[in-house]
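Because the structure is a prediction, the values reported are computed rather than measured.
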Amino acid sequence: MNSTTSSQSVSHLGKHRSSKPTTINRRLGATENIYYFLDQLYCLNFIIFVEITGSLQIDQINEALKAVQAEQPLLRARIALIDGHYWFKPVATKDFPLKAQTGPLMGWRNQVAAQLDTPFVDDAPLARFFWFDGHGKKAVAAMAFHHSIADGKSGMDVFIEVLRRAGGEDSPLRYRRAHPSAQDLDLIKSKTAWQSSLQRLKYWLKQGRSVLKFPKQLPGFDMSIKAERDIKIIPFQVSATSSAALLDACRAHGTTVHGALGAAQILALNDEFDTAEDRYLALNSLADLRGVLKGDLTEFDLGLYIATLTTVHEVAAEPDFWALAIDIRSQLQSILQSGDADLVHSICRDDTLFPRNETGARMVHAMVALAPPSSMLTNIGKVDKLTLANGTSVDSVAFAVTGPTLHPICITATSYADRMYMNLVYDVLKLSESQARRIAKSVRRYLKIAAGT
């Protein structure tokens, strides 16, 4: 699940200090651990994909993949169970090379969707690259990641670097040091013991109030865990005109684009209920922690630097879009400022005695299921417009992620070339295609209304 509330752009690659490439050899952090655990029950992959116009050769792509794999420790790692704990262990690239898989351009969206539920069965690498060639100037490139090694923002940066190298950029290699888990550098641990205890008390008191709100589950959604899944993606866009107007409207109302996206999503789900009445609905947001983490992290380090935040909102019988958007922003800010974003440690710490098998994964899933029923929203923010050194143009940028089976839908958003590219991801075995398409249509409608276009 992969993906953030940050609006920071993925900037052009600058020059970084060079050194020998490093390896990674450590236990998984708390968020990495829970993502890997749940992945034993159902895939938690994410995939980034771009449409291009120009010319890239498969040999150039593979050379670029070789170079980037050499400098990213998590692309040269496998996950191993050692003494009851999961570890990242280094592998040799000659034994586990990252190479492009090729396919026809026709039907590429179905192939992208299929990757969201295709497990990483080999030891390494925990990423896959795809090239869908139209045998002309049009093509699609895509890169799938095991979510335990990356979030959408860091995965996007690595993916773009591959494209830059394949397109002829001659910048020197920028080797990264193997940083510790970002989740070991959390907000609560940076405070004194009494401050940490007080924050946790405040959190659980707040959670107690949220429980009393009894958020509703989406009508028509099957909550059960099924042996099989059939993941589908419904793509849609927000035009450049509407995107600019939406940003201006968000600023005028004192909220964020993520707040507006969340409001549109909640109201679209609210429309699925039979009656117009006051009710509580929850939203699951993936928040970027880069702004508050410590430890010399850089924009170019592949890793999982996100927190999963659930907010609960009262939706009136006659809801106010902007009041809801403001409430989403306010609640997310409150959680991040108080340190509550790190409470994944309380769910599945590395020292918790869950069996390291499917039974343990089901136990973790049962604990995650205690959270309020919600849908998922992940916004990767702005990606700078990109033309490769050989003149190849990147026409669109988007990503998709498989959320937990508890979420009826996951909506992803990426801003590129002044346009917003969005995808609604769902399991057709648990939510009908007609209902999913109706929800996507409602989201678009609410965003157009908010933008005044």
Side-chain angles (χ1 to χ4, degrees), residues 1 3 5 34 38 202-225 255-256 258-287 307-336 338 340-341 343-344 346-347 364-379 401 403-412 424-427 430-432 435-436 438-440 442-443 446:
M1 291 169 234
S3 326
T5 58
I34 196 171
L38 292 176
K202 290 180 178 178
Y203 173 83
W204 290 115
L205 288 174
K206 183 171 64 177
Q207 285 298 95
R209 292 195 298 271
S210 294
V211 169
L212 295 177
K213 295 176 181 177
F214 297 110
K216 304 296 185 181
Q217 184 55 270
L218 176 68
F221 175 63
D222 183 352
M223 279 282 290
S224 64
I225 301 178
T255 188
T256 60
H258 187 88
L261 294 176
Q265 183 166 327
I266 288 176
L267 293 180
L269 297 180
N270 187 59
D271 288 345
E272 295 298 302
F273 288 82
D274 291 334
T275 58
E277 59 185 42
D278 292 5
R279 63 176 58 88
Y280 288 99
L281 297 177
L283 180 69
N284 190 277
S285 298
L286 296 184
T308 303
L309 310 181
T310 301
T311 52
V312 180
H313 309 275
E314 183 175 9
V315 182
E318 296 183 3
D320 182 324
F321 179 94
W322 290 111
L324 182 54
I326 292 169
D327 188 42
I328 291 170
R329 176 181 183 270
S330 176
Q331 288 196 41
L332 289 175
Q333 280 188 328
S334 176
I335 293 172
L336 288 171
S338 69
D340 293 345
L343 287 184
V344 66
S346 301
I347 298 175
V364 173
H365 182 273
M367 295 189 69
V368 173
L370 296 176
S374 60
S375 62
M376 179 179 286
L377 171 63
T378 173
N379 174 22
V401 60
T405 61
L406 303 169
H407 296 322
I409 63 168
C410 175
I411 290 182
T412 64
L424 186 150
V425 185
Y426 71 104
D427 181 355
K430 301 184 66 173
L431 188 72
S432 72
Q435 185 173 10
R438 187 168 63 241
I439 293 170
S442 294
V443 171
Y446 278 115

_Between CD1 on residue I411 and CD on residue Q265, distance to nearest 0.5 Å_ = 4.0 Å
_Any donor-acceptor pair under 3.5 Å from Q435 side chain to P219 backbone_ = yes
*Worked check of side chain to side chain contact (heavy atoms under 4.5 Å, CB included) between H258 and L332*: CA-CA 10 Å; H258 187 88; L332 289 175; 3.7 Å; yes
*Which residues pass the side-chain hydrogen bond (donor to acceptor under 3.5 Å, both in side chains) test with S330, sequence neighbours left out?*
none
_Which heavy atom of V401 sits nearest to which heavy atom of T378, and what is that distance?_
CG1-CG2, 4.0 Å
*List the atom of P408, the atom of Y426, and the distance in Å for their closest heavy-atom pair.*
O-CB, 3.7 Å
_Qualifying residues under side-chain hydrogen bond (donor to acceptor under 3.5 Å, both in side chains), relative to D427, sequence neighbours excluded_ = none
*Tell me, please, which residues at least two apart from T405 pass side chain to side chain contact (heavy atoms under 4.5 Å, CB included).*
Y42, I225, R229, H365, K430
Please tabulate, for the side chains in residues 315-326, all donor-acceptor contacts under 3.5 angstrom to protein atoms that are two or more places apart in sequence or on a different chain.
unit_1: D320; atom_1: OD1; unit_2: W322; atom_2: N; d: 3.0
unit_1: D320; atom_1: OD1; unit_2: A323; atom_2: N; d: 3.1

*With sequence neighbours left out, what residues match A268 under side chain to side chain contact (heavy atoms under 4.5 Å, CB included)?*
I439, S442, V443
_Interatomic distance, L309 atom CG to S374 atom OG [nearest 0.5 angstrom]_ = 11.0 Å
*When rounded to the nearest 0.5 angstrom, what is the spacing between CG in D222 and OG in S432?*
12.0 Å
_Taking every non-hydrogen atom, the tightest pair across A282 and T310_ = CB-CG2, 4.2 Å
*Interatomic distance, I409 atom CD1 to S375 atom OG [nearest 0.5 angstrom]*: 4.5 Å
*May I have the step-by-step check of side chain to side chain contact (heavy atoms under 4.5 Å, CB included) for L286 and T308, ending in yes or no?*
CA-CA 5 Å; L286 296 184; T308 303; 3.4 Å; yes
_Student check: side-chain heavy atoms of L269 and F221 closer than 4.5 Å_ = no
*asked:* Within the 4.5 Å heavy-atom criterion, are P373 and K216 side-chain neighbours or not?
replied: no
_Residues in side chain to side chain contact (heavy atoms under 4.5 Å, CB included) contact with E314, at least two apart in sequence or another chain_ = D278, Y280
_N270: which residues meet the side-chain hydrogen bond (donor to acceptor under 3.5 Å, both in side chains) condition with it, sequence neighbours left out?_
R279
_Nearest-0.5 Å distance, OG1 of residue T311 to CD1 of residue I266_ = 6.0 Å
*For the residue pair L431 and L218, establish whether any side-chain heavy-atom pair is separated by less than 4.5 Å.*
yes
_Straight-line distance of L281 CG to F273 CZ, nearest 0.5 Å_ = 5.0 Å
*asked:* If the condition is side chain to side chain contact (heavy atoms under 4.5 Å, CB included), which residues does D274 pass it with, not counting sequence neighbours?
replied: none
